[in-house]
Protein chains: 2
Amino acid sequence: MALELNTAQALTLWQKANLHLVRDDDPDLSMRQMSILLTVYLEAPPHTVRGLAARLNVAKPVITRALDSMGRYNLLSRRRDEKDKRNVLIQRTVEGALFIERLADTIVELARKQEHI
Amino acid sequence: MALELNTAQALTLWQKANLHLVRDDDPDLSMRQMSILLTVYLEAPPHTVRGLAARLNVAKPVITRALDSMGRYNLLSRRRDEKDKRNVLIQRTVEGALFIERLADTIVELARKQEHI
DNA sequence: CTGAATCGTTTCGGCTGCGTATCATTTAAG
DNA sequence: CTTAAATGATACGCAGCCGAAACGATTCAG
């Protein structure tokens, strides 16, 4: 069964979630960084630089740089693939999992407070 | 009645919507720009620079610059308040309304395709 | 009328991200 | 072995955004 969501609800939820992330004091992730992070946490591993670049339709250095900056926040980490040492495997971290969890709770809460329109 | 949405649904929807915006070829808006745009279109006017800065918990020049760049895309426009010429009123545009409408349709569609988890 | 307050803009130096091209390392092919 | 291909990282110049401070225009207070 599909998740029911009308146009006004979708927009309002999207706005409130964005607003929430902007208003808090954590550094804002760019839309690209957010997409990378969520893809790593929600889609099946393994995740490589090249794979993420293809998934996001974006150049490889974009991924490398995003991993650098989000790595600094400990939101995810890198490891060489021992099977094929050309590859880098992107891995989840405890901090990243917590971040994602908080984000999910926030969205659920915003949706819960929303009236059917 | 509240909109029901569980944690996994919230995350998946958020990821897919972000991914969609990143993958398409339009220039990405920053999270701040997105918040400004949606606030202008979803919350009651009038919208001023100062008001938006307070709403987003952000410095005034952030708003001025975002209005400059989104104005270049014709996503919104500015007008002097004739009642109090210190104020600038931020106004909606046809292009902006279409952009918002497409965004909403996208989110609704992504939600519709999503299974209950 | 004059000085203070308000509002949006601009300036400044600095930081981050971008795309293209190139690089070093590793693996695969002949 | 030698060469080509694949992968991620780096160099480069350039765009855009940042926060803090200063500015001009307008309105308000006394």
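Chain letters run A, B, ... following the sequence lines, proteins first, then strands; residues in each count from 1. Because the structure is a prediction, the values reported are computed rather than measured. Heavy atoms only: backbone and side chains are in, while hydrogens, waters and symmetry mates are out.
Listed here is the closest heavy atom pair of T93(A) and S77(A): CG2-N, 3.8 Å.
R80(A) places no side-chain N or O within 3.5 Å of a backbone atom of L89(A) that could act as its donor or acceptor partner.
Between its opening and closing five pairs, the helix from dC1(C)-dG30(D) to dC15(C)-dG16(D) changes axis direction by 10°, a value rounded to 10 degrees.
Atom pair D68(A):CG and dA11(D):C1' shows a separation of 14 Å (rounding to whole Å applied). Here the C1' atom of nucleotide dT6(C) and the CZ atom of R80(B) are 12 Å apart, to the nearest Å. Here dG8(D) presents its P atom at 10 Å from CG of L67(A), a figure rounded to the nearest Å. Between the CG atom of N87(A) and the P atom of dA5(D) there is a distance of 18 Å, rounded to whole Å. One atom, CG of L89(B), and another, C1' of dC7(C), lie 12 Å apart when rounded to the nearest Å.
Between T64(A) and dA9(D) there is a side-chain N or O to OP1 or OP2 distance below 4.0 Å.
For the atom pair CG (L11(B)) and CD1 (I107(A)), the distance works out to 6.0 Å, reported to the nearest 0.5 Å. The CG atom of L103(A) lies 6.0 Å from the CG atom of L21(A); values are rounded to the nearest 0.5 Å.
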The contact string for nucleotides 16-23 of chain D, one letter per nucleotide 5' to 3', using protein heavy atoms under 4.0 Å with B, S and - for base, sugar-phosphate only and none, comes out as -SBBBB--

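Contacts of E101(A) classified as side-chain hydrogen bond (donor to acceptor under 3.5 Å, both in side chains), with partners at least two apart in sequence or in another chain: none. Applying the side-chain hydrogen bond (donor to acceptor under 3.5 Å, both in side chains) test to R23(B) and every residue at least two apart in sequence or in another chain returns nothing. For T39(B), the side-chain hydrogen bond (donor to acceptor under 3.5 Å, both in side chains) test picks out Q15(A), with sequence neighbours left out. With sequence neighbours excluded, no residue forms a side-chain hydrogen bond (donor to acceptor under 3.5 Å, both in side chains) with N74(B).
The stretch residues 43-56 of chain A touches DNA chain D through T48(A), V49(A), R50(A), each having a heavy atom under 4.0 angstrom from the strand.
Identified under the salt bridge (Lys or Arg N to Asp or Glu O under 4.0 Å) test for residues 62-73 of chain A, with sequence neighbours left out: D68(A)-R78(A). Within the structure, no pair that satisfies the salt bridge (Lys or Arg N to Asp or Glu O under 4.0 Å) test touches residues 11-20 of chain B, not counting sequence neighbours. Applying the salt bridge (Lys or Arg N to Asp or Glu O under 4.0 Å) definition to pairs two or more places apart or across chains, those involving residues 27-38 of chain B are D28(A)-R32(B), R32(A)-D28(B). Sorted pairs that involve residues 44-53 of chain B and meet side-chain hydrogen bond (donor to acceptor under 3.5 Å, both in side chains), not counting sequence neighbours, are lacking altogether.
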Filtered N/O pairs between nucleotides 25-30 of chain C and protein, under 3.5 Å:
unit_1: dT27(C); atom_1: OP1; unit_2: K85(A); atom_2: N; d: 2.9

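In textbook terms, a nucleotide whose glycosidic angle is within 90° of 0 is syn, and dA15(D) is one such case.
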Step by step, work out the salt bridge (Lys or Arg N to Asp or Glu O under 4.0 Å) result for K83(A) and D81(A).
CA-CA 5 Å; K83(A) 309 288 185 181; D81(A) 181 356; over 6 Å; no

